[in-house]
Amino acid sequence: MIVAFIHRAVMQGIPLLFGATGEIVTEKSGNLNLGIPGVMYVGGISGVIGAFMYENSLPDKNMANPFLAIMIPLLCSLIGSLIMGLIYSFLTTTLRANQNVTGLAITTFGVGLGNFFGGSLIKIVGADVPSITLSTTSKFFSAHLPVADSLGWFGEIFLSYGFLAYLAVIIAIVTSLFLKKTRAGLNLRAVGENPATADAAGVNVTRYKYFATCIGSMIAGLGGLYYVMDYVSGVWSNDGFGDRGWLAIALVIFTVWKPNFAIIGSILFGGLYIIHNYLNQFFPFIPVDMSTQELIKMAPYLVTVLVLIVNSMRNKRENQPPEALGLSYFREDR
């Protein structure tokens, strides 16, 4: 039971890890993108559209090419989330619109866009239930190492995931190294801390903000793709993504803007997100009703609030957000 719980917690945490890593990259440039839930939603539906078009182009579903079955949804997801990142960057960096309002608008727009196209695909297939299933392409995303089944608990915990799960961990580690060890990463952090000083030092603030926001959006969009094509086995239903996008933003705060910490944090949040389903198994002597389960679903957010309080009390600069986070940069004021 413990092994199954950890396995599910990891799978629940992977979309959060993608979203949190992407948002950390974005926030390090000083852009506060509260549109991450919408970006992840668009990343998911873009991948679904690509998979749907590919599956319907096949004369026989058994003739699917593994490379195309993976690359088409993957590229569609990256392009869709990139466009969302460009929209946000244009509004906040070029037009200097309010970042909070723009982010919330991007979330509303992304969810609406995803539901529109998702509903259109559901009508095309004429499904009896309000969902579509893309099992042909999904099986390539969820395929895991064959040896995992023969290695007991070790295989189930560490080796029984699709390639996107391992990609999420790799991206988080590479992002952490990029921000700490490379010149471009240091420039990006400088832009987020004090764009005027970075500009005076010859750093192109606009370019770095565009770069970070677009790359961050593409990473976050993969979280939506993973959720649809792997976690729920290629089943798309409108509004089925839940509040995972907001949990990803909460995870950024919980991990104090450190991508490597987000790996463990995502598993913790994934476990907290599903623990209400295991209460009767872990604590059979405690009566659990619907109201108790709803209260327990608040756990990830409560943990984030506690982290905020502790960080505020400790007041360490390295655990605080970038100093210019959420502020538009006006070069003429320099």
Side-chain angles (χ1 to χ4, degrees), residues 11-27 31-49 76-89 91-92 97-119 164 168 171 212-232 236-255 257 259 262 265-266 269-270 272-274 297-301 303-305 321 325-326:
M11 294 191 69
Q12 281 281 358
I14 294 302
L16 310 184
L17 180 56
F18 273 120
T21 303
E23 179 63 3
I24 289 172
V25 173
T26 300
E27 292 193 9
N31 280 349
L32 176 62
N33 188 3
L34 296 179
I36 285 295
V39 173
M40 295 175 72
Y41 210 77
V42 169
I45 190 60
S46 298
V48 166
I49 293 172
C76 287
S77 177
L78 291 173
I79 292 171
S81 49
L82 171 62
I83 292 173
M84 295 292 284
L86 285 171
I87 294 173
Y88 177 88
S89 296
L91 291 173
T92 59
N98 182 281
Q99 294 185 16
N100 295 320
V101 175
T102 302
L104 295 175
I106 289 291
T107 289
T108 304
F109 172 71
V111 172
L113 192 71
N115 287 342
F116 171 77
F117 283 106
L164 282 178
I171 289 176
T213 304
C214 291
I215 295 297
S217 295
M218 293 170 72
I219 295 172
L222 291 177
L225 180 68
Y226 170 85
Y227 176 79
V228 177
M229 302 306 295
D230 191 336
Y231 185 77
V232 294
W236 172 272
S237 56
N238 286 353
D239 297 317
F241 200 72
D243 58 350
R244 289 172 177 83
W246 296 114
L247 276 176
I249 296 176
L251 182 59
V252 173
I253 301 170
F254 176 80
T255 57
W257 292 267
S266 64
F269 270 38
L272 292 174
Y273 193 80
I274 62 171
K297 287 180 182 180
M298 297 165 54
Y301 300 102
V303 170
T304 302
V305 171
L325 181 63

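Keep in mind it's a predicted model, so treat the numbers as computed, not measured.
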pair Leu113-Ile45: side-chain heavy atoms closer than 4.5 Å: no
Gap between atom CD1 of Ile87 and atom CG of Leu82 - 0.5 Å precision: 10.0 Å
Distance in Å, Met11 CE paired with Tyr227 OH, rounded so as to fall on 0.5 Å steps: 10.5 Å
Side chain to side chain contact (heavy atoms under 4.5 Å, CB included) evaluation trace for Leu104 with Asn100: CA-CA 6 Å; Leu104 295 175; Asn100 295 320; 5.5 Å; no
Side-chain donor-acceptor pair present, Asn33, Thr26, cut-off under 3.5 Å: no
Smallest separation among heavy atoms of Ser217 and Gly85, with atom names: OG-CA, 3.3 Å
Audit row: Phe18, Met40, side chain to side chain contact (heavy atoms under 4.5 Å, CB included) steps and yes/no: CA-CA 9 Å; Phe18 273 120; Met40 295 175 72; 5.5 Å; no
Gln99 side-chain N/O to Leu32 backbone N/O, donor-acceptor pair under 3.5 Å: yes
Residue pair Leu251 / Ser266, side-chain heavy-atom distance below 4.5 Å: yes
Straight-line distance of Ile49 CD1 to Ile79 CD1, nearest 0.5 Å: 11.5 Å
Between CG on residue Leu86 and CG on residue Leu91, distance to nearest 0.5 Å: 11.0 Å
Option from Leu17, Val232, Leu164 for which side chain to side chain contact (heavy atoms under 4.5 Å, CB included) with Tyr226 holds: Leu164
Tyr41 side-chain N/O to Thr108 backbone N/O, donor-acceptor pair under 3.5 Å: no
Considering all heavy atoms, the nearest Gly119-Asn238 contact: N-ND2, 3.6 Å
Heavy-atom pair of closest approach, residues Leu225 and Ser77: CB-OG, 3.6 Å
Check: Ile24 and Thr255 side chains under 4.5 Å, non-hydrogen atoms: yes
Expected output: side-chain Ser81 to main-chain Leu222 donor-acceptor under 3.5 Å: no
Interatomic spacing from OH in Tyr231 to CZ in Arg244 - rounded to 0.5 Å: 6.0 Å
Any side-chain heavy-atom pair of Val48 and Phe117 under 4.5 Å: no
Residue pair Gly44 / Trp236: nearest heavy atoms and the distance that separates them: C-CZ3, 4.2 Å
Ring-ring centroid check Tyr273 Trp246, cutoff 6.0 Å: no
Separation between CD of Glu23 and CG of Asn31, rounded to the nearest 0.5 Å: 9.0 Å
For the student: nearest non-hydrogen atoms of Gly265 and Phe254, plus distance: CA-CE2, 4.0 Å
Non-hydrogen atoms of Pro37 and Gly245 that approach each other most closely: CG-C, 3.6 Å
